[in-house]
Undergrad: 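If you scroll down you'll find the structure; I have some questions about it.
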2 protein chains.
Amino acid sequence: MVRQRELPRSGTQRVLAILAAFTAERPVLALSEISRLAGLALTTTHRQLAELTRWGALERGDDGRYRIGLRLWEVGALAPRSLGLREAALPFLEDLYEATHQNVQVAVLDGREVVYVERITGRDAVHVVTRPGSRLPLHATAVGLVLLAHAPISEIDAVLAAPLKRYTEYTVTDPARLRRALADTRRNGYAISVRQIETVSTSVAAPIRDERDVVVAALSIVVPAKGAHARRHVPAVLAAARGVSRGIGSTPGNP
Amino acid sequence: MVRQRELPRSGTQRVLAILAAFTAERPVLALSEISRLAGLALTTTHRQLAELTRWGALERGDDGRYRIGLRLWEVGALAPRSLGLREAALPFLEDLYEATHQNVQVAVLDGREVVYVERITGRDAVHVVTRPGSRLPLHATAVGLVLLAHAPISEIDAVLAAPLKRYTEYTVTDPARLRRALADTRRNGYAISVRQIETVSTSVAAPIRDERDVVVAALSIVVPAKGAHARRHVPAVLAAARGVSRGIGSTPGNP
DNA sequence: TCCCGCCTTCCGTCCAGCGGAAGTGTAGGC
DNA sequence: GCCTACACTTCCGCTGGACGGAAGGCGGGA
C-alpha cells in the first residue's frame, strides 16, 4: 500500500514518493519495488533514481538495490528539531545515562504522534521499541503525555476523540482517565507511563522548553517495570530536561 | 555561490538544489535566499517550497523562514551508513566515552572526504570542530588516514596527487610522508593524528570492518594534544572498533 | 506616510518529462 | 546446458505540467 493517499502527480511529488518508499522495515529496495511502492512507471522510476543517486540522496549497492544515501542524511541532519535539539540534549542525556545505565531519549511532537529524535541505550537496559525516527502515539507514551499536556485544548480534544490504540492490557484508552493523566502531568511537571507500550517497561518524561517557555520536546528515561521505582528517577529527569531547555536558546535555528 | 556547478534543469534537480541550499552554517533560509542559492525563479521556488513543506521535508517557521523538516530527517536516518552504523556503534562509543570522557566519533568515507556520522562529546572534552554531518579531508584526520589506508591504490594516488590543505603548522601535506603514515596505519591497525586540524587536539582512529572484512567506517577518540598520551587510548579504540565490526553484520541494509 | 524588499498570485507559453514497448541481462529451475 | 521469468535499460512520439515575468499585497524601517 502506498503511503500516500493519491498517486504522485508533480515531479516534486514523484521524488518525495520515492523517498517515502523507504521505511525502517524496508531500508533496502529494488527498482521495481520502488516503482510499485511509489506508484510510478518503471521508466519514470528509473530516471528519477538515476538523478537521486547521482546527487547522493540514494546509493545503489553491488546487489543493484537502493539505499538512502549519506547526502540525504546530511541534509536531514540539519533539521533544527533533530540536529539542534540533539546537540543541546546530548550532554544531559549522557549524564542521565551514566547515572542510570537505562534508556534515555528525546522526542518531539509531529502531528498526532511523537517522533523520537535521539536515544541512548545500554546493553543491559530494558528493551525499547523506539529508535531515532520511530513514531508512537501520544496517549501511550510518557513523552507523548508531556507533549499533549502542553498542546492547545483543540489538539487535546482531537487526539482524545480519535480511536486510541491499546498495546497492552495496561494501555489507558479511556479519554476521561487520559485527561486526568494530562492534568497530573501539568501539575507535576512530568509524566510517568507504566507498561503502556510494552509490559516490561515504565518511563518518566519531562518537558523541554524553548526560550519562550513553549514545550518543544520531551526527555524521558525508560526503566524496567519490575523492581526499580520509576518515581525515583523524576528529579534527575527534571534536571536533565531543564538543562536542555537552558541550552536550547543558543542553538542555530531559533529566532 | 551555488554548490552546484550548473543551474538546475529538471524538476528533480530543482528539488535537490533547494535541499542543498541548506547548510550547517545556514540552516534557516528565507524564500528569496533559497531562490538565489538554488538558482531558481521566485515563482518556481515558491511552488516547490509549498510542496516540500506540505510533505514535511521543510518546515516554515513563524518568522516565515524555512528549515529542514523532521520528515526529511526521518528518511535520511534510514541511510545504512548512518542509521545502521550508528545503532551498531553507539554502545561501544558509550563505553569508550564513559571510560575517558573525551570526544568519540565515527566517520565514513564519501568521495575524497570523511563524513562524521556520530559523535559523543562531553562538556569537559577538548573542543572539536566536527559534528554529525561534518566533512573533513582524509589526509588531516585519523579517521581519514584509516579509511584511505584501506582504499584502492588508485584512490590513494588520486587523493595524494590533489592539492592537500594545511590547517595548522603541523598538518602533513607531503605525499611521501603521508604514504608512510598510511603504511604505518595498515601495519599498526590504527592511526594517530597529532594537531592536524586544530593544534589543541590529537586523535586515535581504528577501522570498522563489515562481515567481508571491508573497511566501511572508522572510529576515533579525540583528546587534548597536551598532557594525555594519545597512544595509551589505542587498546580501547581498537577494542571498540572491533566490537562495532562484530555488530555490523547483523544490521539492516547489509546483504 | 512612504518606500523598499519580500512574498504571493496570475496566466500565456512550451519543452521537459511521461510511459508503453522493445531490448538486454541475470538468476534459478529443470 | 537450456529455458523461462523477472528485473532493468533504452528508445521515442506525444502532451500537459511546469515555467517564470509581471503585477499586486504586505510588512518593516526610515
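These numbers come from the heavy atoms of this one structure, side chains and all, not from hydrogens, waters or symmetry mates. Throughout, a chain's letter reflects where its sequence line sits, starting with A, and its residues are numbered from 1. Nothing here was measured: the structure is a model prediction, and the numbers come from that model.
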Undergrad: Considering residues at least two apart in sequence or located in another chain, which fulfil the side chain to side chain contact (heavy atoms under 4.5 Å, CB included) criterion with B:T43?
TA: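 Per chain and number, B:T43 pairs via side chain to side chain contact (heavy atoms under 4.5 Å, CB included) with B:R47.
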Undergrad: Just so I know, are the side chains of A:I197 and A:T130 near enough to count as touching, which here means a heavy-atom distance under 4.5 Å?
TA: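 A side-chain contact is absent here, since even the closest heavy-atom pair is not under 4.5 Å.
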Undergrad: Under 4.0 Å from OP1 or OP2 of D:dT9: is there any side-chain N or O of A:R60 that close?
TA: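 A:R60 to D:dT9 OP1/OP2: side-chain N or O found under 4.0 Å.
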Undergrad: Does a side-chain N or O of A:H46 approach OP1 or OP2 of D:dT9 to a distance below 4.0 Å, or not?
TA: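 For A:H46, the contact criterion (side-chain N or O under 4.0 Å from OP1 or OP2 of D:dT9) is met.
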Undergrad: May I have the distance from A:L31 (atom CG) to D:dT9 (atom P), rounded to whole angstrom?
TA: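 From A:L31 CG to D:dT9 P: 6 Å.
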Undergrad: Working note: A:E113 + A:L136, criterion side chain to side chain contact (heavy atoms under 4.5 Å, CB included); need CA distance, chi angles, decisive distance, verdict.
TA: CA-CA 6 Å; A:E113 302 173 297; A:L136 277 176; over 6 Å; no
Undergrad: Classify every nucleotide of nucleotides 11-28 of chain C by which part a protein heavy atom approaches to under 4.0 Å, writing B for the base, S for the sugar-phosphate alone and - for neither, in 5'-to-3' order.
TA: ------SBBBB-------
Undergrad: Please tell me whether A:S10 and B:E51 have a donor and an acceptor in their side chains that are separated by less than 3.5 angstrom.
TA: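 Yes, B:E51 and A:S10 have a side-chain donor paired with an acceptor closer than 3.5 Å.
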Undergrad: Report yes if some heavy atom in the side chain of B:Q105 is under 4.5 Å from a heavy atom in the side chain of B:L219; otherwise report no.
TA: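 No - every pair of side-chain heavy atoms lies 4.5 Å or more apart.
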Undergrad: Figure out the CD/P separation between B:E33 and C:dG5, and round it to whole Å.
TA: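 It is 15 Å, rounded to the nearest whole Å.
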Undergrad: For nucleotides 23-30 of chain D, print each protein N/O atom paired with a nucleotide N/O atom at under 3.5 Å, atom names and distance only.
TA:
none

Undergrad: Could you pull out all residues at least two apart from A:R186 that satisfy salt bridge (charged side-chain N to carboxylate O under 4.0 Å, His left out)?
TA: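 Not a single residue meets the salt bridge (charged side-chain N to carboxylate O under 4.0 Å, His left out) criterion with A:R186.
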Undergrad: Applying salt bridge (charged side-chain N to carboxylate O under 4.0 Å, His left out), can you list everything that pairs with B:D213, at least two apart in sequence or on another chain?
TA: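 Here the qualifying residues are B:R209.
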Undergrad: I need the OH-C1' distance between A:Y66 and D:dC8, as an integer number of Å.
TA: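 My rounded result for the distance is 9 Å.
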Undergrad: Rounded to 10°, tell me the angle between the two end axes of the helix from C:dT1-D:dA30 to C:dC30-D:dG1, each built from five pairs.
TA: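 Here the local axes at opposite ends form an angle of 50°.
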Undergrad: Please report the interatomic distance CZ(A:R135) to CZ(A:R112), rounded to the nearest 0.5 Å.
TA: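 Separation between the atoms: 13.0 Å.
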Undergrad: Measure from NZ or CZ of A:R71 to the centre of the six-membered ring of A:W55, then state whether that distance is under 6.0 Å and the direction lies within 45° of the axis.
TA: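 Positive - A:R71 is close enough to the ring of A:W55 and near enough to its axis.
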Undergrad: Without decimals, in angstroms, what is the distance between A:L29 CG and D:dA7 P?
TA: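 For the pair A:L29 CG and D:dA7 P, the rounded distance is 13 Å.
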Undergrad: Using side-chain heavy atoms (C-beta onward) and a distance below 4.5 Å, is A:L52 in contact with A:Y66?
TA: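 Side chain of A:L52 against side chain of A:Y66, heavy atoms only: no contact under 4.5 Å found.
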Undergrad: Can we say A:R86 and A:E118 salt-bridge, meaning some charged N sits less than 4.0 Å from an Asp/Glu carboxylate O?
TA: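 Here A:R86 pairs with A:E118 in a salt bridge, since their nearest N and O are under 4.0 Å apart.
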